[in-house]
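Encoded as C-alpha cells, the structure appears first; notes follow it.
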Number of protein chains: 2
Amino acid sequence: MSIVLDPKKNHLLAALPESEWQRWRPQLEPVEMPLGEVLSESDRILDHVYFPLTAIVSLLYVMEDGASAEIAVVGNEGIVGVSLFMGGETTPSRAVVQSAGVGLRLKAQMMMDEFNRAGPVMHLLLRYTQALITQMVQTAACNRHHSLDQQLCRWLLLSLDRLEGSELAMTQELIANLLGVRREGVTEAVLKLQEAGLIRYARGQITVLDRPGLEQRSCECYAVVKKECDRLLPDRLAV
Amino acid sequence: MSIVLDPKKNHLLAALPESEWQRWRPQLEPVEMPLGEVLSESDRILDHVYFPLTAIVSLLYVMEDGASAEIAVVGNEGIVGVSLFMGGETTPSRAVVQSAGVGLRLKAQMMMDEFNRAGPVMHLLLRYTQALITQMVQTAACNRHHSLDQQLCRWLLLSLDRLEGSELAMTQELIANLLGVRREGVTEAVLKLQEAGLIRYARGQITVLDRPGLEQRSCECYAVVKKECDRLLPDRLAV
DNA sequence: CTCCGTCTGTACGCTAACGCACGTACAGAC
DNA sequence: GTCTGTACGTGCGTTAGCGTACAGACGGAG
C-alpha cells in the first residue's frame with residue numbers, strides 16, 4: 001500500500017521557500033509510523049530525520065532502571081532529530097511513536113547539507129529547536145511543581161494540538177509510562193476528568209468533550225508552550 | 001576597581017579560532033557578576049550575551065505563583081543567552097547569578113553578526129546549545145524520578161565542576177529555591193551528607209570533602225550531563 | 001458463545017516531601 | 001557585652017504519589 005499524503009501538513013515543510021521545496025520534494029520519503037516504533041535510539045547516530053504528518057512522536061529519557069519520562073512531544077509542527085544539525089549527531093534520549101500515523105523522512109546527509117547552506121532553512125530549524133527547548137524547560141518545571149491531574153491535562157492538550165479531531169488512542173498504561181507515573185494514578189486522574197464531563201474514556205480511546213475545561217484545569221505550562229510555539233513558528237516563513 | 005582576568009578561562013572563548021579571537025577581544029567587556037543579579041528576564045529581549053569566567057549562572061523557570069525551578073546551570077564552559085542566536089530573541093526563563101564572580105559580555109548585535117557568519121563559531125555555539133539541552137532533559141527526568149538527596153548531590157557536583165577549589169558559598173535557602181524544594185528538606189539532605197563525611201556545612205559555606213563519595217550518591221543524571229559536555233565541547237575547537 | 005488476554009477500577013499500607021511553627025546559634029553592629 | 005538578624009535545626013500533622021494485590025469488564029479469537 002502506498003501512502004497518500006499532503007507533505008504540506010507538516011508546518012516546517014509548509015514554511016519552506018519555493019526553491020528549497022522543489023529541491024527537497026523528490027528526496028522526501030513517505031513512511032508509516034506505527035505505534036511504539038523507535039525512530040532514534042539513545043546515543044545512536046541517526047540516518048534520517050523525520051517530519052511527522054499525522055503521527056505524534058515522544059522524546060523520552062529512559063533511566064538506567066528502566067523508568068522513563070517524556071521530555072517533549074513532536075507532531076506535524078516539527079522534526080525529529082534536531083541533534084543532527086545541532087552538531088552532536090547523537091543525544092541521550094529516545095524518540096518513540098506515541099500516536100500512529102504517517103510522516104516523511106529525509107536522509108541525514110541531505111539534512112546536514114541543507115542546514116549548512118545557512119539560509120532560511122537553518123533559521124527555521126533553529127527557531128523550531130528553540131520551541132522544543134521551551135517544551136523541555138516547561139516539562140522540567142512541571143515535573144517539579146504540578147500535580148498529576150494538571151500534568152495530564154497539559155499532556156492531553158499538547159497531544160490534541162498535534163492531531164485532527166478530538167480523539168486520542170492511548171491506553172492508560174501508555175500514558176503513565178510517558179508521564180513517568182503509575183498507571184493507577186492515571187486511572188484516578190482520568191476518572192476525575194470524566195466525572196467533570198471533560199473527556200470520555202473507553203478502553204484506550206479518549207474523546208475530548210470540553211477543551212476549554214481542560215485548559216482551565218491544566219497548569220500554566222501548556223499555555224506557555226503553546227504561546228512560544230505560535231510565536232516562534234509562524235505559518236509562513238518570513239524570508 | 002578594574003577587573004583583572006583571563007578571558008581564556010571561558011572554554012568557548014578559549015576554543016575560538018585565532019582570527020575570530022582577535023576580532024572579539026576588543027569587544028568583550030569585563031563585568032562583575034554579583035550574587036542574585038538577573039542577567040536576563042523572562043520574555044525580555046537581551047542586549048548582551050554573557051561568558052562567565054568565575055561566576056555560575058542558573059537558568060530558572062519562575063512560575064506564576066512565584067515558585068521556581070532550576071533548568072540548567074551555566075559556568076565557564078558556556079554562554080548565557082542562547083535564545084539570541086537561536087532566533088527567538090527571548091525565552092520564558094530567567095538567568096540569575098547563583099555564585100558571584102566575573103565574566104565577559106558581548107553586545108547582542110555583535111553576537112548575531114558573528115553567529116551569522118555561519119563558520120566555526122556557529123558550530124561551536126550550536127554544540128554548546130546541545131549540551132545545554134542535555135542538561136535540561138536530564139533535569140526534567142531527574143525532577144520526575146530522583147530523590148531530593150540524589151538531586152542535591154547532582155547539583156553540588158555540577159556547581160563544583162564550574163568552580164575552582166572545593167568551596168561553595170550558598171545558603172540552604174538559596175539551594176532550596178534553585179532546586180524548587182523546601183528549605184527544611186535541604187537541611188535534612190545536607191545533614192545526611194555531612195554525617196557521611198562527604199561535605200562540611202557552616203553558615204552558607206559548603207566544603208566538599210569527598211567528591212567520589214558524592215558521585216556515588218548522586219543519580220546517573222550528573223554523569224550523563226558530564227559525559228555529554230565533554231563529548232560535545234572539546235577543549236580546543238577542531239577546525 | 002465462550003474463553004482469555006488486555007485494560008480498567010479499587011483498596012490499603014507506605015514513604016517522601018510539604019506546610020507550618022518553633023527553637024537555636026552564630027556573626028557582625030553598636 | 002549585648003543586641004539583632006540571618007541561617008540553621010527540629011518536630012508534627014498532612015498529602016500526593018508509590019508498590020502491591022486483586023477484581024471486574026470488555027472485546028476479539030476460536
Side-chain angles (χ1 to χ4, degrees), chain A residues 35-36 63 65-70 98-99 140-156 167-196 199-207 217 219, chain B residues 35-36 63 65-70 98-100 140-156 167-196 199-207 217-219:
Chain A
L35 178 63
M63 327 218 67
D65 68 359
S68 63
E70 190 180 72
Q98 174 216 109
S99 174
C142 198
N143 281 352
R144 164 63 61 208
H145 289 293
H146 296 141
S147 70
L148 204 167
D149 293 30
Q150 291 177 304
Q151 292 184 41
L152 178 62
C153 290
R154 170 180 65 93
W155 187 88
L156 285 172
E167 294 276 325
L168 223 153
M170 288 289 292
T171 66
Q172 299 183 352
E173 177 93 44
L174 220 34
I175 297 177
N177 282 153
L178 293 177
L179 292 181
V181 298
R182 267 191 332 157
R183 199 260 315 156
E184 291 88 332
V186 174
T187 301
E188 275 190 61
V190 160
L191 287 180
K192 279 189 223 167
L193 294 182
Q194 192 156 269
E195 275 154 30
I199 64 170
R200 202 171 48 226
Y201 202 122
R203 285 187 90 72
Q205 280 295 326
I206 309 175
T207 310
R217 286 218 176 194
C219 45
Chain B
L35 178 64
M63 325 217 70
D65 68 0
S68 63
E70 190 179 74
Q98 173 215 109
S99 174
C142 198
N143 281 352
R144 163 64 59 210
H145 289 292
H146 296 141
S147 71
L148 204 167
D149 293 30
Q150 291 178 303
Q151 291 183 42
L152 178 62
C153 291
R154 170 179 66 92
W155 187 88
L156 285 172
E167 293 277 323
L168 223 154
M170 288 290 291
T171 66
Q172 299 183 354
E173 177 92 44
L174 220 34
I175 297 177
N177 282 153
L178 293 177
L179 292 181
V181 299
R182 270 190 329 157
R183 202 257 316 155
E184 293 90 327
V186 175
T187 301
E188 276 191 62
V190 161
L191 286 180
K192 279 189 223 166
L193 294 182
Q194 191 155 268
E195 275 155 29
I199 65 170
R200 203 171 48 226
Y201 202 123
R203 283 187 91 71
Q205 280 294 328
I206 310 175
T207 311
R217 285 216 177 196
S218 168
C219 45

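By convention in this document, chain letters (A, B, ...) are assigned in the order of the sequence lines, proteins followed by strands, and residues within each chain are numbered from 1.
- The main-chain N or O of A/Thr187 is never found under 3.5 Å from a side-chain atom of A/Tyr201 such that the two would form a donor-acceptor pair.
- Residues from residues 140-152 of chain B with heavy atoms under 4.0 angstrom of DNA chain C, sorted by number: B/Ser147, B/Leu148.
- In this model, no side-chain donor or acceptor of B/Gln205 finds a partner on the base of D/dA7 within 3.5 Å.
- Nearest-nucleotide assignment on DNA chain C puts the 5′-proximal partner with A/Tyr201, out of A/Tyr201 and B/Gly185.
- For B/Gln194 and D/dT10, the CD to P distance is 11 Å, given to the nearest whole Å.
- Judged by distance alone with a 3.5 Å cut-off, no donor-acceptor contact links the side chain of A/Glu184 to the base of C/dA11.
- Using a 4.5 Å cut-off on side-chain heavy atoms (C-beta onward), B/Cys219 and B/Cys142 make contact.
- With values rounded to the nearest 0.5 angstrom, B/Ile175 atom CD1 is found 5.0 Å from B/Met170 atom CE.
- Between the C1' atom of D/dA16 and the CD atom of A/Glu188 lies a distance of 10 Å, rounded to the nearest Å.
- The distance between atom CG of A/Asn177 and atom C1' of C/dT6, rounded to the nearest whole Å, is 15 Å.
- Across all strands shown, D/dT6 pairs with C/dA25; the Watson-Crick or G-U wobble distances both stay below 3.5 Å.
- The nucleotide whose nearest atom lies closest to any side-chain atom of A/Arg182 is, among C/dC18, D/dT20, D/dT6, D/dT20.
- We find that CD1 of A/Ile175 is positioned 8 Å from P of C/dT8, with the value rounded to whole Å.
- With hydrogens and angles left out, the side chain of A/Arg183 and the base of C/dG9 share a donor-acceptor pair within 3.5 Å.
- Checking side-chain atoms of A/Thr171 against main-chain N and O of A/Gly204 turns up no donor-acceptor pair under 3.5 Å.
- Side-chain polar atoms of A/Glu70 and A/Gln98 form a donor-acceptor pair below 3.5 angstrom.
- A straight line from CG of A/Leu35 to P of C/dT6 spans 15 Å, rounded to a whole angstrom.
- Residue-level contact check: B/Gly204 touches the backbone only, with heavy atoms under 4.0 Å from sugar-phosphate atoms and none from bases.
- Proximity of A/Leu152 to A/Ser147: side-chain heavy atoms (C-beta onward) are nowhere separated by under 4.5 Å.
- B/Arg203 contributes a side-chain N or O that forms a donor-acceptor pair with the base of D/dT6 under 3.5 Å.
- Here A/Val181 lies in heavy-atom contact (under 4.0 Å) with sugar-phosphate atoms only.
- Rounded to an integer number of Å, the gap from A/Glu195 CD to C/dT10 C1' is 13 Å.
- Between B/Gln205 and B/Leu168 there is no side-chain heavy-atom pair separated by less than 4.5 Å.
- Rounded to an integer number of Å, the gap from CG of B/Leu191 to P of D/dT10 is 6 Å.
- Atom CE in A/Met170 sits roughly 11 Å away from atom P in C/dC7 (whole-Å rounding).
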